[in-house]
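One structure, as structure tokens, below. Some questions next.
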Amino acid sequence: MTLPYLVCAIITAISAAVSFGYSIAALRTAGGEAKTLALYAGGRSAALLLGAIAALVLQQAGWLFAIATMMIIVQAFDAYIGTTIKDRLKTFGPALTALFNLAALIWAILG
């Protein structure tokens, strides 16, 4: 496992874990229809987290590149949502995570 691969895999896994954590937090506080939406978000976040962990274990570049790309897209959408709700933390946190993950992905592809 090369350093660029490892860095990209770790950043991707952290990103997926944070996303999963937010979905679990939403699940705990939501009620009614919002709880149903939180369950769907949790299922998708769990799948991405398992995929990110698999990328670390399997050490398959194609797998990592696919999961990293998905997490970059998820974080970019999260940043957009942060702008619509005018929450700076929920805007800049995901935006920076997406940028770091993109840089790590490019490094892993080129490295």
Side-chain angles (χ1 to χ4, degrees):
M1 182 180 321
T2 65
L3 180 61
Y5 183 97
L6 183 60
V7 168
C8 184
I10 289 171
I11 290 172
T12 301
I14 290 170
S15 176
V18 169
S19 181
F20 181 68
Y22 272 109
S23 66
I24 295 301
L27 184 59
R28 289 184 176 178
T29 60
E33 190 174 324
K35 187 167 189 134
T36 301
L37 295 173
L39 283 167
Y40 280 112
R44 286 162 177 76
S45 294
L48 288 168
L49 178 57
L50 290 174
I53 292 168
L56 274 166
V57 174
L58 299 174
Q59 299 180 24
Q60 295 292 321
W63 185 263
L64 173 62
F65 299 164
I67 296 294
T69 300
M70 285 186 266
M71 285 312 306
I72 291 164
I73 293 167
V74 166
Q75 294 295 352
F77 275 110
D78 286 351
Y80 172 74
I81 292 166
T83 63
T84 64
I85 62 173
K86 296 176 177 53
D87 186 323
R88 293 172 63 89
L89 180 63
K90 291 181 182 174
T91 299
F92 293 113
L96 288 173
T97 302
L99 288 173
F100 284 132
N101 210 348
L102 179 60
L105 176 60
I106 292 168
W107 187 30
I109 290 170
L110 298 177

Under a 4.5 Å side-chain heavy-atom rule over Ile, Leu, Val, Met, Phe, Trp and Tyr, are I109 and I106 clustered together? yes
Transitive ILVMFWY side-chain link I24 to I53, under 4.5 Å: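 Per the 4.5 Å side-chain linkage, I24 and I53 are co-clustered.
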Any donor-acceptor N/O pair, S19 side chain to A16 backbone, under 3.5 Å: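 The answer is no, because no donor-acceptor pair under 3.5 Å joins these two groups.
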If you compare all heavy atoms of I11 against all heavy atoms of F100, which two are closest, and at what distance to 0.1 Å? CD1-O, 4.1 Å
Measure across A95 and A79 and return the closest heavy-atom pair with its distance rounded to 0.1 Å. N-CB, 3.7 Å
Give me the atom names and distance for the closest heavy-atom approach of L48 to I67.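 Answer, listing the atom of L48 first, then I67: O-CG2, 4.2 Å.
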Residues K90, I85; criterion side-chain contact (heavy atoms from CB on, under 4.5 Å); working and verdict: CA-CA 9 Å; K90 291 181 182 174; I85 62 173; 4.0 Å; yes
Partner set under side chain to side chain donor-acceptor pair (under 3.5 Å) for T97, not counting sequence neighbours: none
T91 side chain to D87 main-chain N or O, any donor-acceptor pair under 3.5 Å?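 Between the backbone of D87 and the side chain of T91 there is a qualifying donor-acceptor contact (under 3.5 Å).
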Which heavy-atom pair separates A38 from A30 by the least distance, and what is that distance?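 Distance-wise, the nearest heavy atoms are CB-CB, 4.5 Å.
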Are F65 and V57 connected into the same hydrophobic cluster when the rule is that any two of I, L, V, M, F, W, Y join if their side-chain heavy atoms are below 4.5 Å apart?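 No; F65 is not reachable from V57 via cluster members.
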If you compare all heavy atoms of A55 against all heavy atoms of Y5, which two are closest, and at what distance to 0.1 Å? O-OH, 2.6 Å
Partner of P94 under side-chain contact (heavy atoms from CB on, under 4.5 Å), chosen from V18, D78, L99: D78
What's the separation between atom OG1 in T12 and atom CD in Q75, rounded to the nearest 0.5 Å?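 The CD atom of Q75 is 10.0 Å from OG1 of T12, to the nearest 0.5 Å.
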Evaluate the side-chain contact (heavy atoms from CB on, under 4.5 Å) criterion for residues L6 and L56: first the C-alpha distance (whole Å), next the side-chain angles of each, then the deciding distance (0.1 Å), finally the verdict. CA-CA 7 Å; L6 183 60; L56 274 166; 4.1 Å; yes
Are L64 and M1 co-members of a hydrophobic cluster defined by side-chain heavy atoms under 4.5 Å apart? yes
Taking the side chain from W107 and the backbone from L3, do they hold a donor-acceptor pair closer than 3.5 Å?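 No, W107 side chain to L3 backbone: no donor-acceptor pair under 3.5 Å.
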Kindly give the heavy-atom pair with the smallest separation between L49 and A13, and that separation in Å.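 In this case the closest contact between L49 and A13 is CD1-O, 3.9 Å.
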Here the gap from I72 atom CD1 to M70 atom CE, rounded to the nearest 0.5 Å, amounts to 11.0 Å
Main-chain N/O of Y40 paired with R44 side-chain donor or acceptor, under 3.5 Å: yes
